[in-house]
Q: 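Provided herewith is a single structure, encoded as structure tokens, for subsequent inquiry.
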Amino acid sequence: MMSPRKTPSSERSPGPGRPKDPAKRAAILESATRMFTAHGFDGVSMDEIAADAGVSKLTVYSHFTDKETLFAAAVKSHCEQGLPSALFESTPDVPVRERLLSIARAFYSMVTAPEAIAGHRMLCTPQLANTPLSRMFWDAGPRRVQEEFAALLRRRIATGDLDIDDVPRAASQFFSLLKGEPHARMVFGCCGAPGDTDVEAHIVASVDLFVRAYGTAAVRDALVRRQSR
């Protein structure tokens, strides 16, 4: 009887209690993001992702239970890279408008990246709409971003920079303003992507609208003085 072929140590799936290799996890996420973007969710198999990442299928499954979990993890990784938690940390010495602009620029760059646009289109297809994958996407990406931003808003309310009654609603409004028409056009693939000057003008206008709506008197007065220069 032939003895079973041994899996090379570099490809062997970690056994119980054995720590998983973070480098392999990162390689899997990178390959998954690239392949989902190029071929869609249904157009990619776990075997293909494993081959592209240079690991065994067992290794992929040891890190991610199934393709849905891998997709959600890729979304979470994309959001954490584009909007790291450090952006939402308390920095009371930074004026609130500057803080919001930093977050706004990072968010806009993240949601208009090719992989983000592809993911948005993917989730709007009949095959994936109203499936558990949509909820997994929401929890892995938008919900985490809004919750961290809401926590920042609450801290700025405490320091007297903002006056907001419904913080979760305000957080949702902020990101909806930033996506606006430019993001919709990119998702639809019409009219081309806006230029850098137009993007910056859109971001600044969105942030200033938010500040006028929720800033305290001192913050709004500072904005008026800036705009009148």
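Because the structure is a prediction, the values reported are computed rather than measured. Heavy-atom basis, side chains included; hydrogens, waters and symmetry copies ignored.
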Q: Can you list everything that forms a side-chain hydrogen bond (donor to acceptor under 3.5 Å, both in side chains) with S102? Sequence neighbours excluded, please.
A: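 Applying side-chain hydrogen bond (donor to acceptor under 3.5 Å, both in side chains) to S102 gives none.
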Q: Of all residues at least two apart in sequence or in a different chain, which pass the ring-ring contact (aromatic ring centres under 6.0 Å, His included) check with H78?
A: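 So H78 forms no ring-ring contact (aromatic ring centres under 6.0 Å, His included) with any residue.
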Q: Tell me the salt bridge (Lys or Arg N to Asp or Glu O under 4.0 Å) pairs involving residues 99-115, sequence neighbours left out?
A: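 Counting only pairs at least two positions apart or across chains, the salt bridge (Lys or Arg N to Asp or Glu O under 4.0 Å) contacts touching residues 99-115 are R105-E200.
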Q: Applying ring-ring contact (aromatic ring centres under 6.0 Å, His included), name anything that partners F175, two or more places apart in sequence or on another chain.
A: F107, F149
Q: Keeping to residues at least two apart or across chains, list the side-chain hydrogen bond (donor to acceptor under 3.5 Å, both in side chains) pairs with something in residues 160-171.
A: R156-D161, T159-D161, D166-R169
Q: With distance as the sole criterion, is a donor-acceptor pair present between the side chains of S62 and T59 under 3.5 Å?
A: no
Q: Of all residues at least two apart in sequence or in a different chain, which pass the side-chain hydrogen bond (donor to acceptor under 3.5 Å, both in side chains) check with T69?
A: D66
Q: Applying side-chain hydrogen bond (donor to acceptor under 3.5 Å, both in side chains), can you list everything that pairs with E80, at least two apart in sequence or on another chain?
A: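 E80: no side-chain hydrogen bond (donor to acceptor under 3.5 Å, both in side chains) contacts found.
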Q: Taking side-chain hydrogen bond (donor to acceptor under 3.5 Å, both in side chains) as the test, write out the residues that go with S45, two or more places apart.
A: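 Testing S45 for side-chain hydrogen bond (donor to acceptor under 3.5 Å, both in side chains), a comparison that skips the adjacent residues, returns E48.
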Q: If you measure only the distance, is there a donor-acceptor pair under 3.5 Å linking the side chains of S85 and E89?
A: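 No, E89 and S85 have no side-chain donor paired with an acceptor closer than 3.5 Å.
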Q: Restricting to pairs with a member in residues 207-224, which pass side-chain hydrogen bond (donor to acceptor under 3.5 Å, both in side chains), not counting sequence neighbours?
A: R97-D208, Q173-Y214, D208-Q227
Q: Taking only residues two or more places apart in sequence or in another chain, which ones pass side chain to side chain contact (heavy atoms under 4.5 Å, CB included) with I117?
A: R121, H183, M186, V187
Q: Could you list the residues that satisfy side chain to side chain contact (heavy atoms under 4.5 Å, CB included) with A106, not counting sequence neighbours?
A: L83, L87
Q: Considering only NZ, NE, NH1 and NH2 on the basic side and carboxylate oxygens on the acidic side, decide whether D139 and R144 come within less than 4.0 Å.
A: no
Q: Who passes salt bridge (charged side-chain N to carboxylate O under 4.0 Å, His left out) against E98, sequence neighbours left out?
A: none
